[in-house]
Structure formats: C-alpha cells, structure tokens
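Report on one structure; see the data block that follows.
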There are 2 protein chains.
Amino acid sequence: MKLTTKGRYAVMAMADLALFKDKGPTSLTDISLRQNISLAYLEQIFIKLKNKNLVKSVRGAKGGYVLEISPEEIKISNIISAVDEEVKTLNCKKESKKGCNNKSSKCITHNLWDQLDQHINNFFEKVKLQDLVKKNQIFNK
Amino acid sequence: MKLTTKGRYAVMAMADLALFKDKGPTSLTDISLRQNISLAYLEQIFIKLKNKNLVKSVRGAKGGYVLEISPEEIKISNIISAVDEEVKTLNCKKESKKGCNNKSSKCITHNLWDQLDQHINNFFEKVKLQDLVKKNQIFNK
DNA sequence: TTTAATTCCTACTATTTTAGTATGATTTAA
DNA sequence: TTAAATCATACTAAAATAGTAGGAATTAAA
C-alpha cells in the first residue's frame with residue numbers, strides 16, 4: 001500500500017496547521033521544529049498539498065501556509081492521496097503478466113485487494129482533520 | 001504498511017493450494033507456472049508458511065505442499081503475517097526522536113495509525129482462504 | 001541402483017522506493 | 001536593503017523489495 005512517512009508527515013503537518021490556524025500563516029520552519037521533520041522535505045510535501053488546494057501559501061517574510069478549507073471539511077484521505085499519489089494496495093492490473101492475466105487460475109485474489117482498498121479508503125474517508133486536533137481521540141463512528 | 005507482493009504471492013499460492021487440495025501434494029513448480037511466480041521466490045515464501053504451520057511439506061519426487069489445516073480455518077491475516085512479519089502501518093513508537101517523542105505537539109496522529117491498524121487487521125481477520133476459492137466473491141459481512 | 005523431481009538452505013544482488021540533501025531563485029514584510 | 005519565507009529542481013544515500021544462484025538432502029519411480 002502507498003502509505004509511507006510522507007503521508008504521515010503530511011497528516012502531522014496539516015494537523016499542526018489546524019492547531020495554529022488562528023495565528024495567521026504558519027511557516028514550514030515552525031512546523032519543522034514542532035514536528036521534527038526536515039524543512040526541505042516539508043517543502044516538497046507542501047507543494048503537493050497546495051496543488052490539491054488543501055492549503056494556500058503566503059510568500060515572503062512572515063509568510064507561510066494556511067488551510068484552504070476548514071479542518072471539518074478536510075478528510076484524511078484527501079491529505080494522503082495528495083502526497084502519496086494513490087491509496088491503492090496491490091492491484092493485479094498493473095503487472096499485466098502476473099496475477100490477473102494468468103490463464104489457468106485467473107486472479108483468485110483480485111477481489112480481495114479490491115475490497116481491502118475500499119476498506120482502507122473508507123476509513124480515511126470517515127476521519128476528518130478536525131477529529132485529530134479536537135480531542136486527540138478519533139472516532140467510533 | 002507491511003503488505004507487499006510477498007504477501008500477495010503467499011495468498012495467491014495458498015489459494016492455489018486450496019484449489020488443488022484434493023489432488024495430493026502440489027509442487028511449487030506447478031504453482032510457479034500457474035501463478036507466474038518465480039520458483040525460488042516461492043520456496044522462500046513456503047518456508048515461512050511451513051514454519052507457521054499453515055502448510056506441510058512432502059519431500060522428494062511427487063512431493064510438494066499440502067494445507068496443514070482446512071481453508072475454512074485459515075484467515076488471510078494468518079497468511080500475510082506469516083510472510084510479512086508484521087501487519088503494522090506506521091507507528092510512532094519505533095522512531096523515538098520523531099513523532100511521538102515530540103514535546104510540543106505530542107503525537108497528534110498517534111491514534112489515527114493505531115486505529116487504522118486495527119481496521120486493516122480486522123479486515124484480514126474476517127476473510128478466510130475458503131472465501132477466496134469458493135466463489136471468487138469475498139464477503140459482505 | 002540410478003535418475004529426476006522435489007524440498008531445503010543460505011548467501012548474494014539488482015532494482016525500486018523512500019527519505020532526504022543541496023542549491024539556488026523568487027517574493028515580500030519590516 | 002535585508003532577512004524570512006515559498007518555490008523549483010536536481011541529486012543522493014539508505015533501506016526495502018524482489019528476486020537469483022548454487023547447491024544439499026530426500027524420495028518416488030524407472
């Protein structure tokens with residue numbers, strides 16, 4: 001599955017942004033210090049978050065990033081898919097020779113991975129950024 | 001998350017084994033051909049499956065592997081954890097400096113990953129090997 | 001008794017992905 | 001003018017993944 005520290009960093013950074021959202025633009029330097037993530041790495045991550053319109057940037061001194069939409073509206077799935085390209089576990093389709101395109105026992109496990117994907121995506125769809133910052137207790141929906 | 005082609009191969013191979021379980025030991029050569037997985041790689045995978053008592057081996061000519069227990073009793077989680085060591089996404093605990101051990105905003109995302117793990121594991125706990133071979137339609141439990 | 005088919009064992013290696021560095025340009029508040 | 005910030009791109013180190021390679025041991029069958 002595509003779920004790496006990059007995705008985790010993105011979620012952490014967005015949560016940080018949400019926590020400080022009333023104090024104007026938050027610089028990546030601040031986030032870097034608070035969350036202990038390399039500044040240059042954060043920059044790369046935020047380019048992607050910006051491209052997906054999850055944050056907007058304020059350039060120049062005293063600049064930084066602010067949430068484009070409110071924490072209640074931002075799903076974790078939005079964040080992760082923004083930086084990790086795809087939330088897909090292991091689909092047979094990619095590798096045409098193996099798995100699915102196999103003649104004899106054609107993709108016995110195909111549906112399994114499909115459903116797993118749905119299952120995981122479903123989880124990330126339900127959790128909002130707000131759920132993280134509010135109480136640090138997520139949900140029992 | 002620890003969920004790689006090794007895990008997928010293992011599930012595919014086990015499903016293959018389940019399909020042919022009435023025809024005596026199934027050789028890895030056969031599985032290799034049917035599922036298009038390198039023989040040597042399968043060998044490594046089956047050592048692990050054997051260590052976890054999911055299969056047993058029959059050595060020598062006409063040998064191969066057979067399921068140690070019935071497909072109804074084998075959970076997908078058993079298979080994956082046998083070959084991929086751990087079904088854990090991204091826990092903060094591992095990396096002591098980052099994430100959790102951060103003073104200011106202590107592990108905002110900790111619970112999120114914990115619950116994700118539970119969610120995924122829960123999925124794999126519910127699906128049995130039998131569910132794969134029976135109808136190629138998994139479940140709606 | 002020989003042969004071929006098989007598992008078993010261990011070490012090595014190529015490839016890919018991940019995570020991160022490095023460098024510098026651009027923008028803008030103070 | 002300066003310092004603090006984003007923006008952009010290229011490079012690289014480390015780790016994980018996905019295999020390969022080479023042989024030893026076992027056993028059914030010819």
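In what follows, every heavy atom counts, from backbone to side chain, and hydrogens, waters and symmetry copies are set aside. Every chain is numbered from 1 and lettered A, B, ... according to where its sequence line falls, protein lines coming before strand lines.
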**Complete:** With the side chain defined as heavy atoms from C-beta on, Y41(B) is closest, among dA18(D), dT18(C), dC7(D), to dA18(D)

**Message:** dT7(C), OP1 or OP2 - any side-chain N/O from K56(B) closer than 4.0 Å?
**Reply:** no

**Prompt:** At under 4.0 Å, does any side-chain N or O of S27(B) touch on OP1 or OP2 of dA5(C)?
**Reply:** no

**Prompt:** Expressed in angstrom and rounded to an integer, what is the separation of L42(B) atom CG from dA18(D) atom C1'?
**Reply:** 12 Å

**Message:** If hydrophobic clusters are built from ILVMFWY residues whose side chains come within less than 4.5 Å, do V55(B) and F20(B) share one?
**Reply:** yes

**Request:** Could you tell me whether a side-chain N or O of S32(A) sits under 3.5 Å from a main-chain N or O of S38(A), the two making a donor and an acceptor?
**Result:** no

**Request:** May I ask you to decide if R59(A)'s main-chain N or O and S57(A)'s side chain share a donor-acceptor pair within less than 3.5 Å?
**Result:** no

**Request:** Report the nucleotide, chosen from dG19(D), dA18(D), dC7(D), that has the shortest atom-to-atom distance to any side-chain atom of K50(A).
**Result:** dC7(D)

**Prompt:** Parallel, tilted or perpendicular: which fits the ring planes of F123(A) and H119(B), with parallel below 30° and perpendicular above 60°?
**Reply:** tilted

**Asked** Just checking, any donor-acceptor pair under 3.5 angstrom between side chains of E68(A) and N53(A)?
**Response** no

**Prompt:** Whole-Å distance between dG20(C) P and Q35(A) CD?
**Reply:** 14 Å

**Message:** With a 3.5 Å distance limit and no angle check, can you tell me whether S27(B) reaches the backbone of D30(B) through a side-chain donor-acceptor pair?
**Reply:** yes

**Request:** Mind running salt bridge (Lys or Arg N to Asp or Glu O under 4.0 Å) on K75(A) and E125(A) for me, showing each step along the way?
**Result:** CA-CA 6 Å; K75(A) 302 172 193 168; E125(A) 287 280 319; 2.9 Å; yes

**Message:** Looking only at the side chain of A40(B) (C-beta and beyond, no hydrogens), which of the listed nucleotides dG20(C), dA5(D), dT20(D) gets closest?
**Reply:** dT20(D)

**Request:** May I ask you to verify if any side-chain N or O of S38(B) is less than 4.0 angstrom from the OP1 or OP2 atom of dG19(D)?
**Result:** no

**Request:** Treat primed atoms plus P, OP1 and OP2 as sugar-phosphate and everything else as base, then score nucleotides 23-30 of chain D 5' to 3': B for base contact with protein heavy atoms under 4.0 Å, S for sugar-phosphate contact only, - for none.
**Result:** --BBBB--

**Message:** What's the closest nucleotide to the side chain of Y65(A) if the choices are dT6(D), dT6(C), dG19(D)?
**Reply:** dT6(D)

**Message:** Using the side-chain heavy atoms of K6(A), tell me which of these nucleotides is nearest: dT21(C), dA19(C), dT20(D).
**Reply:** dA19(C)

**Message:** Measuring from the side chain of S57(B) (C-beta onward, heavy atoms only), which nucleotide among dC8(C), dG19(D), dT21(C) has the closest atom?
**Reply:** dC8(C)

